[in-house]
2 protein chains.
Amino acid sequence: MYLRMFKVITGEWERLWSTMARAADRLDAIREAHSLQSQSKNTDRMEDYLEVIYELIKKKGYATTVDISKHLSVSSPSVTKMLQKLDESGHLNYEKYRGIVLTEKGSEVAEGMHDKHNLLVEFLRMIGVKEEIANRDAEGIEHHLHPETLKKLTDFVRTAKKVRPR
Amino acid sequence: MYLRMFKVITGEWERLWSTMARAADRLDAIREAHSLQSQSKNTDRMEDYLEVIYELIKKKGYATTVDISKHLSVSSPSVTKMLQKLDESGHLNYEKYRGIVLTEKGSEVAEGMHDKHNLLVEFLRMIGVKEEIANRDAEGIEHHLHPETLKKLTDFVRTAKKVRPR
DNA sequence: TTTTAAGTTTAGCCCAAGCTAACAAACATA
DNA sequence: TATGTTTGTTAGCTTGGGCTAAACTTAAAA
């Protein structure tokens, strides 16, 4: 297990290094950054995967194919495929048979989902929805919230907590 | 290659066979047939279509392909295809080049969506989200609500209206 | 009544995301 | 260290929903 982690970290570093070397060598750095940036077409599903990967890593330090597949009720080949896609899109670094590391970009997306999720669950709990259902529903909802809605909901929850503290 | 195919086909066939054997053996046949018939697996997208069709009919008395396509930002062939599917699934009666009539089943689904939509918009407006955004978000959310959540949200909105009437 | 324009449908394609079967790598244990 | 088990990946297929181009209907105008 430690071996696994060590390899992952090492691999990560090597990749980073070679990337930097290439970039420095030529002037592609700019174009590369740009293309990476504009290449961001997240689908809902990608967000789902990122979120569970993020949670798993937070909880256990790493995320395995099987774990991910279980949390999303999906087969492992589906997970592998999505991992490749997420690596491709720069949300994480994936080395096959080795492991996964979220990139900055990936973490941001994941954290965003995480926060929305929490907010929603908190709200739903407030109005009396049972934990489990709150979680399920939050999952369904969290993709479709306009920033304004998010803001207003946050405010609402905050003030509601003040008014009627639990 | 052929060997592979052979294996695949064989595997498939064996599975089918064992399935049938099981079914025939006991009385599952009925349940199985039933499950096939009531294969009413509404997808989110079907619900979207039904909802706008319902609204259009309510407003103008009929719903044309183009109108539907506009409201869903979708091409007309896509609409046609979905209409066929909805006819197939018994949600509406569709006569090509002629028109659409929602069936009982279709109306029920549509009204359900309609109600959820209203509820959500009402809530979002309450916490200060702008009409337009409320509508957009409601659309995204309405598919994923557990009955309990729905209930609780309804209660919440109702009591909130009493406490602080507008 | 013929011609044309608008609206609708069919044909045939694409893509995301899923699945199973088969294969490969990594890990654990004898 | 050889080997069996667990875990992960590749190949190849399926399905839903979308699109464009081309064909067809219907309705309106000439």
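These numbers were taken from a predicted model, which means no experiment stands behind them. In what follows, chains carry the letters A, B, and so on, assigned in the order in which the sequence lines appear, proteins first and then strands, with residues in each chain numbered from 1.
One atom, CD1 of A:I100, and another, P of D:dT7, lie 15 Å apart when rounded to the nearest Å. What separates CG of A:D87 from P of D:dG8 is a distance of 17 Å, to the nearest Å. We find that CE of A:M82 is positioned 17 Å from P of D:dG8, with the value rounded to whole Å. Atom-to-atom, CD1 of B:I68 to P of D:dG18 comes out at 12 Å; the value is rounded to the nearest Å. Note: NZ (A:K70) to C1' (D:dT7) measures 11 Å, nearest angstrom. Per the geometry, NZ belonging to B:K96 stands 16 Å off P belonging to D:dA23, to the nearest Å.
Judged by distance alone, the side chain of B:T103 and the main-chain N or O of B:H91 form a donor-acceptor pair under 3.5 Å.
If B:D67 and B:K81 are placed on DNA chain C by their nearest nucleotide, the residue sitting closer to the 5' end is B:D67.
Across all strands shown, A:V74 has heavy atoms under 4.0 Å from sugar-phosphate atoms exclusively, and none from any base.
Using five terminal pairs a side, the axes of the helix from C:dT1-D:dA30 to C:dA30-D:dT1 at its two ends make an angle of 10°, given in steps of 10 degrees.
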Verdict with supporting geometry, B:H144 and A:D137, side-chain contact (heavy atoms from CB on, under 4.5 Å): CA-CA 6 Å; B:H144 312 279; A:D137 279 15; 5.7 Å; no

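A salt bridge is absent between A:D67 and A:K70; no separation between the charged side-chain nitrogens and carboxylate oxygens falls under 4.0 Å. Look at B:R158 and B:D155 and you find a salt bridge, because one of the NZ, NE, NH1 or NH2 atoms lies within 4.0 Å of a carboxylate O, short of that distance.
Under the 6.0 Å cut-off for aromatic ring centres, A:Y49 and A:Y54 do not qualify, their centroids lying 6.0 Å or more apart.
Side-chain atoms of A:V109 and A:E51, non-hydrogen and from C-beta on, never get closer than 4.5 Å to each other.
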